[in-house]
Amino acid sequence: DWSMGYDWDKEVVSCLPDYYRWTQWIFLKLHEKGLAYRKKSNVNWCPTDMTVLANEQVVDGRCERCDSLVEQKDLEQWFFKITEYADRLLADLQGLENWPDRVKTMQRNWIGRSEGAQVDFKVEGGGETITVFTTRPDTLFGATYLVLAPEHPLVAGLVAGGPKEKEAQAFVASAKNLSSLERMGENAEKQGLDTGRRAVNPVNGQSIPIYLANYVLMNYGTGAIMAVPAHDTRDFAFAKKFNLPILRVIEGGDPELKEAHTEDGRLMNSGFLDGLTVGPAKAKMAEWLEQRKLGKASVSYRLRDWLISRQRYWGAPIPMIDCPKCGWVPVPEKDLPVKLPRNVEFKPTGESPLKSVPEFVNAACPKCGGAAKRETDTMDTFVDSSWYFLRYVSSHESTRAFDPQVVNQWLPVDQYIGGVEHAILHLLYSRFITKVLKDLGLIAFDEPFKRLFTQGMITKGGVKMSKSKGNSVQPDELIQKYGSDTFRLYTLFIGPPERDAEWDDRAVDGSFRFLGRVWRLFVELLERPDFAAKAPLEAPAEADKQLRRKTHQTIQKVTQDMEGGFKFNTAISAMMELVNLLYTYKENPDSKTPILREAVESLIRLLGPLTPHVAEEMWSRLGHPKTLMDSGWPAFDPDWLVADVVEIAVQVNGKIKSRALVPVGLDEAGVKREVQKDGKLASALDMAKVKKTIWVQDKLVNFIVGA
RNA sequence: GCGGAAGUGGCGAAAUUGGCAGACGCACUAGAUUCAGGUUCUAGCGGGGGCAACCCCAUGGGGGUUCAACUCCCCCCUUCCGCACCA
């Protein structure tokens, strides 16, 4: 369907093999570089969709698509190593000057870089070492206990055979059964358990207890923390609850220490750090640890590797084969695409539906030729959408993903438009894949989108219009009823594009009526005998001048609105004003067709990008040999932008009392002279009492009168 | 809790180096055209008062700066978005 006026020749369909073949190819490229790998880990599981999800697709502990509470499972899955690009994804945000700050902030938060140090603690009565990550190595003297995440690999060994073994096992089991929302949500209680084991604080030799707690996460830092209750609010709350010692190491704040003191200050109770402020103390402690091999400076990220396996049908099959002899072997490029089988049974098994198709599963190992099994998971569809913009400019390539020459010529995308809901999904993934392809030497740029504009949502009945919510407006039906020009015009006229807007079926009539008005005007004028004549304009009357000015003002306004931030709504209202004036003007018996012709031609050209079909039709009926699209953009004549008279406001003590028509550029004395002829003003104002006059050229004059 | 954006007629909204609030459109009302409905055209349309000329009030609320505030400053309210045990 080409009715919207799109160029469907450039269409790409990511669920068809001639597209996803290249998604699979990109997977192989990442795999070659060690950026696609398989590992067993604790992953997000949506119990309704029966598939794993990436962290980015879990919103407030719920599935982004179906809103179910997400569970945690230990599963072996495929990942993309986006964490290897964390620093670049963060640093390069700075160069994206034409991205909204909001989106950049969201990406920064999501990547979540923290500088700090790793510190090793020896466990008493055993050979183990617990390594913690902290952003506050300066407070090491104040560390009064350690906390491990329940999933920490050392936990089982630490409690084995001890008096706390049973309790610890129960604690770990209960933490595992909780959803992330139950465990980490805002109402979650801090749960803890003393393991009965102790460790040595490396900086002062103090013996401190080792706890387990639900609020420590295995997948951030090292899964273990040192607790400094005096200077960390979470540790403070935990220490109060479990009656653990609190030792102040930074001066200042509440002398009674009724809450954690997290501000900067001078170190105390800290040996060689005493007297330093936080910043220098951090550096000195890191150095001290490094010299003694007790720790090192370290950086942690919140960003985790991108889990791309899905137990879904729709997605590119992951092109890997599991051979009992050779292990995981990539499908050779020449064997791509690995096609989605058609004869699939869809059963809610929690495993990929592709598992049910033996012809798909059973494959020869590409390495040894032996019997092997294909990976049956498909890739997250966000992988498909992370590179489609490269394919758009090479949509017909059949022997490669894209033509690098064409891609390097056209991309990065000059102007990208999308919803803010993609801030940490599509937009982050696309940046990552682009950087990988750049590093592989396949493209010449490492950011996909130069400018980003986040448009608002269209709502209906106050809720987001979406396919899944079933409240979307069907363009086809509207196009059937009104034509695509009306549909396009209304969506542009509905409001400022960055703002959410409520769809109103009735208001579409307004756009339809406007185009009808333009069309009828055009047809009527075309019948005027002299309409085609390009007669010179001599000594135009005031009405003629008014229309010419309006024409050139409209060209200017529309040009500025469209170039400076997609203000289509006000551009369209300016064109409506021109049309309204044209209707008045044409009724004037002396109306001149060359002036009408200039106004109408300008209008048609301004409408071209918005309502291409009707605009091209009118353009062609005017007898132009070239299409409107090839005829350029109208220019305005600056001489015709300003009127020679202007209406100014006449105020007394700041209140409007009257209005006056005066020549443009008239000076203060002139304005006063003009204004005093006004009888209406005379009754409201005694000139003898005027103490002060404020005059703004071409805008207003304000007489200040004493009491 | 922290950070950001927003709040203007019945509705979508205009107006920003401070200078005539409500352009443009929807809905609505009246009139013309029409057998009628629809279409089209004309006019009206923030609230209150007045026969009228006009007057008063009004941009979430309260204060302030100014001749002049939707616009600048301070306090507050509401809505939406992001972050929220990330050590």
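Basis for what follows: all heavy atoms, side chains included, without hydrogens, waters or symmetry-related copies. Chain identifiers are assigned alphabetically (A, B, ...) following the order of the sequence lines, protein sequences preceding nucleic acid strands; residue numbering begins at 1 within each chain.
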Fill in: B:A69 to B:U17 separation - P atoms, rounded to the nearest Å
16 Å
Discussion item. Can you tell me the base-pairing partner of B:G82? Count Watson-Crick or G-U wobble geometry only, both distances below 3.5 Å, and say none if there is no partner.
Written reply: B:C2
Practice prompt. State whether the number of non-hydrogen atoms from other residues, nucleotides or ligands found under 6.0 Å of A:Lys241 atom NZ is greater than 12.
Written response: yes
Discussion item. Taking any heavy-atom pair under 4.0 Å as a contact, classify A:Arg102: base, sugar-phosphate, or nothing.
Written reply: sugar-phosphate
Worksheet item: Contact class for A:Asp101 vs. all strands (heavy atom < 4.0 Å): base, sugar-phosphate, or nothing?
Response: nothing
Discussion item. Any donor-acceptor pair under 3.5 Å linking the side-chain atoms of A:Asn44 with those of A:Asn55?
Written reply: yes
Fill in: Which residue lies more 5' along RNA chain B, comparing A:Ser300 with A:Arg520 via nearest heavy atoms
A:Arg520
Worksheet item: Under a 4.0 Å N-O cut-off, is there an ion pair linking A:Lys282 with A:Glu115?
Response: no
Discussion item. Using Watson-Crick or G-U wobble geometry with both distances under 3.5 Å, which nucleotide pairs with B:C70?
Written reply: none
Item to complete: Searching all strands shown, indicate the nucleotide that pairs with B:C28 (Watson-Crick or G-U wobble; both distances under 3.5 Å).
Response: B:G44
Worksheet item: Can you tell me how far C1' in B:U59 sits from the matching atom in B:A14, rounded to whole Å?
Response: 12 Å
Worksheet item: Do A:Trp99 and A:Leu427 have side chains that get closer than 4.5 Å, going by heavy atoms?
Response: yes
Practice prompt. Would you indicate what A:Asn219 reaches in the nucleic acid, counting non-hydrogen atoms under 4.0 angstrom: base, sugar-phosphate, or nothing?
Written response: nothing
Worksheet item: When you check the side-chain N and O atoms of A:Asp561 and A:Thr570, is any donor under 3.5 Å from an acceptor?
Response: yes
Discussion item. Could you check, using the six-membered ring where one of them is a Trp, whether A:Tyr490 and A:Phe512 have ring centers closer than 6.0 angstrom?
Written reply: no
Worksheet entry | Residue-phosphate contact under 4.0 Å: A:Asn569 side-chain N/O, B:A14 OP1/OP2 | yes
Worksheet, complete the sentence: Ranking B:G25, B:A13, B:C83 by distance to the side chain of A:Asn109, first place goes to B:C83
Worksheet item: Who passes ring-ring contact (aromatic ring centres under 6.0 Å, His included) against A:Phe79, sequence neighbours left out?
Response: A:Tyr37
Worksheet entry | Contacting residues from residues 506-515 of chain A, given that a heavy atom lies under 4.0 angstrom of RNA chain B | A:Arg506, A:Ala507, A:Gly510, A:Arg513
Discussion item. Heavy atoms only, 4.0 Å cut-off, all strands: where does A:Asp235 land among base, sugar-phosphate and nothing?
Written reply: nothing
Item to complete: Using the P atom as the reference point in each nucleotide, state the distance between B:G48 and B:G10 in Å, no decimals.
Response: 10 Å
Worksheet item: Under the side-chain hydrogen bond (donor to acceptor under 3.5 Å, both in side chains) test, which residues partner A:His552, sequence neighbours left out?
Response: A:Glu598
Worksheet item: Which nucleotide in the list B:G12, B:A14, B:A23 gets nearest to the side chain of A:Arg499?
Response: B:A14
Worksheet entry | Short side-chain donor-acceptor distance under 3.5 Å, A:Thr459 and A:Glu502 | yes
Discussion item. It should be established whether A:Asn580 places a side-chain nitrogen or oxygen under 4.0 Å from OP1 or OP2 of nucleotide B:G25.
Written reply: yes
Worksheet entry | Distance between C1' atoms of B:A52 and B:U71 (Å, rounded) | 36 Å
Worksheet item: Are A:Phe242 and A:Tyr145 side-chain neighbours, meaning at least one heavy-atom pair lies under 4.5 Å?
Response: no
Practice prompt. Take atom C1' in B:G25 and the same atom in B:U79, then report the distance between them in whole Å.
Written response: 25 Å
Practice prompt. For A:Phe493, enumerate each residue passing the ring-ring contact (aromatic ring centres under 6.0 Å, His included) test, keeping only those at least two apart in sequence or located in another chain.
Written response: none
Worksheet item: Which one, B:G82, B:G19, B:C24, comes nearest to the side chain of A:Met106?
Response: B:G82
Practice prompt. Between B:A27 and B:C80, how far apart are the P atoms? Round to whole Å, please.
Written response: 29 Å
Between protein and nucleic acid, restricted to nucleotides 42-46 of chain B and to nitrogen or oxygen atoms under 3.5 Å apart, what atom pairs and distances do you find?
none

Worksheet, complete the sentence: B:U59 -> Watson-Crick or G-U wobble partner, both distances under 3.5 Å, gives none
Discussion item. As a test of reading the structure: which of B:C24, B:C83, B:C26 is closest to the side chain of A:Asp504, going by heavy atoms?
Written reply: B:C26
At a cut-off of 3.5 Å, list every protein nitrogen or oxygen paired with a nitrogen or oxygen from nucleotides 67-71 of chain B, distance to 0.1 Å.
from: B:C67; atom 1: O2; to: A:Asn702; atom 2: ND2; distance (Å): 2.6

Discussion item. One pair to check against side-chain contact (heavy atoms from CB on, under 4.5 Å): A:Val614 and A:Trp519. What are the steps and the verdict?
Written reply: CA-CA 8 Å; A:Val614 69; A:Trp519 178 255; 4.0 Å; yes
Fill in: Pairing nucleotide - B:A13, Watson-Crick or G-U, each distance under 3.5 Å
none
Response to the item:
5'-most contact on RNA chain B (nearest-nucleotide basis), A:Thr135 vs A:Glu577, goes to A:Glu577
Discussion item. With a 4.0 Å limit, can you tell me whether A:Arg108 has a side-chain N or O closer than that to the phosphate oxygens OP1/OP2 of B:G3?
Written reply: no
Discussion item. Side chains of A:Trp110 and A:Glu56: any donor to acceptor distance under 3.5 Å?
Written reply: yes
Worksheet item: Any Lys/Arg nitrogen of A:Asp232 or A:Arg136 sitting under 4.0 Å from an Asp/Glu carboxylate oxygen of the other?
Response: no
Item to complete: For B:G22 versus B:U16, give the span between their C1' atoms, rounded off to a whole number of Å.
Response: 16 Å
Worksheet item: Taking the P atom of each, how far is B:C11 from B:G47, in whole Å?
Response: 12 Å
